[in-house]
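Read through the structure below, which is laid out as structure tokens, and then see the notes.
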Amino acid sequence: APSEAEAELAAMNVHGVIDAVMTEDSDILVFGAPCIIRSAKNDKNYLNIQVFTEDGLEHGCSLTRGDRLLIALLVGGDYDGGVPGCGIEIAHKVALHSKIGQMMLDAFLSMTPDEFSERAKELVEDLRTLLSTNPYNSLERRYKAVADRIPQGFPQHAVVSKYVHAFTSLSAGAAASPWDISFYQPDLANLADFCRQHLGWEDDAIIEKMYGGVWEGTYLRALCKVSSTVLM
């Protein structure tokens, strides 16, 4: 990946190269992956999983991509420190009970950087008012201390861009995509050679790792390919 691995995986998911993204990194929720798989209750064997789809997040959890973007900006992540004192619970309440996040995303997608900065000032003022006064009692209490600590110039256009227009192999200006977008099977022999040469794994370790995380998916994709061929 030329940049964030989760952004690359989200792009691969969007373009159908992979069926889903399996990760515990919360940034994937903002990058726009259509299908996300996470382990339930820290189950490292992934015997119990949670599946999040874009439709489920928006209509089941009432969190649009703009809402999730706002949560990431407020809490902070790999690109920015966020708003001091604003944890995930406060950010979730704000996103759930306001349209600020979606309006911010819409502004970013439709405006120049200068126009966005001016519009962001208005939205951040609305955010400060919501946090400090809790006018509709939707936040359960006031968070004036958090409102007072919103940084000057929040959110920065460059930070929003890294979430919304993350640099991937399919980005404009990137080198030609290394992916064969058509349906294909993993090359297990080359994968094993790579692990042996670059990771220093012995054959027993390679077999063990593939048995737990690669072979089942390979079998499933092979069966799906056979099924689709028969149906055609």
Would you name the heavy atoms of [X] and [Y] that are closest together and state the gap between them?
| X | Y | result |
| --- | --- | --- |
| A91 | C86 | N-SG, 4.0 Å |
| V14 | G32 | CG2-O, 3.7 Å |
| F116 | P155 | CE2-O, 4.1 Å |
| V21 | A33 | CG2-CB, 4.2 Å |
| L130 | S98 | CD2-CB, 3.9 Å |
| L63 | A95 | CD2-CB, 4.3 Å |

Determine whether a donor-acceptor pair (N or O, by modelled atom type, separation under 3.5 Å) exists between the side chain of [X] and the backbone of [Y].
| X | Y | answer |
| --- | --- | --- |
| E8 | T168 | no |
| H15 | A11 | yes |
| N13 | A10 | no |
| Q50 | I37 | no |
| N134 | L139 | yes |
| E24 | R38 | no |

When rounded to the nearest 0.5 angstrom, what distance separates [atom1] in [X] from [atom2] in [Y]?
| X | Y | atom1 | atom2 | result |
| --- | --- | --- | --- | --- |
| L199 | I206 | CG | CD1 | 8.5 Å |
| S132 | D148 | OG | CG | 7.5 Å |
| M104 | D126 | CE | CG | 9.5 Å |
| K93 | H97 | NZ | NE2 | 8.0 Å |
| D193 | H198 | CG | NE2 | 9.5 Å |
| R65 | F31 | CZ | CZ | 9.0 Å |

>> As a quick check of understanding, evaluate side-chain contact (heavy atoms from CB on, under 4.5 Å) for D25 and I28, giving each step before the final call.
In response: CA-CA 6 Å; D25 193 317; I28 195 70; 5.5 Å; no
>> Could you check whether atom CZ of R128 has more than 12 heavy atoms from other residues, nucleotides or ligands sitting under 6.0 Å from it?
In response: yes
>> Would you say CD of E54 has more than 12 non-hydrogen atoms from neighbouring residues, nucleotides or ligands within 6.0 angstrom?
In response: yes
Is it the case that one hydrophobic cluster holds both [X] and [Y], taking links as side-chain heavy atoms less than 4.5 Å apart, direct or via other members?
| X | Y | answer |
| --- | --- | --- |
| I18 | L29 | yes |
| I100 | V146 | yes |
| L109 | L73 | yes |
| V124 | V94 | yes |
| V75 | L131 | no |

>> Quick check on side-chain contact (heavy atoms from CB on, under 4.5 Å): which of Y79, F167, Y163 does E4 satisfy it with?
In response: Y79
> Only one of D19, D55, V51 clears side-chain contact (heavy atoms from CB on, under 4.5 Å) with C35; which?
Replying inline: V51
> Is R196 close enough and on-axis enough to F194, meaning under 6.0 Å and within 45°, for cation-pi?
Replying inline: no
>> Quick one, K209 with W201, criterion side-chain contact (heavy atoms from CB on, under 4.5 Å). Give me CA distance, side-chain angles, the key distance, then yes/no.
In response: CA-CA 10 Å; K209 296 289 186 182; W201 291 359; 3.5 Å; yes
Decide yes or no for [X] and [Y]: does some side-chain heavy atom of the first lie under 4.5 Å from some side-chain heavy atom of the second?
| X | Y | value |
| --- | --- | --- |
| L9 | T23 | no |
| V83 | P151 | yes |
| E89 | H92 | no |
| M111 | E118 | no |
| F154 | Q152 | no |

> Do the ring centers of F108 and H157 come within less than 6.0 Å of each other?
Replying inline: yes
> Without hydrogens or angle criteria, can the side chains of D106 and Q102 be said to hold a donor-acceptor pair below 3.5 Å?
Replying inline: yes
> Looking only at side chains, do D67 and T64 share a donor and an acceptor under 3.5 Å apart?
Replying inline: yes
> So does R68 pair up with E58, basic N to acidic O under 4.0 Å?
Replying inline: no
> Can I90 and L74 be said to form a side-chain contact (heavy atoms from CB on, under 4.5 Å), step by step?
Replying inline: CA-CA 9 Å; I90 299 174; L74 289 171; over 6 Å; no
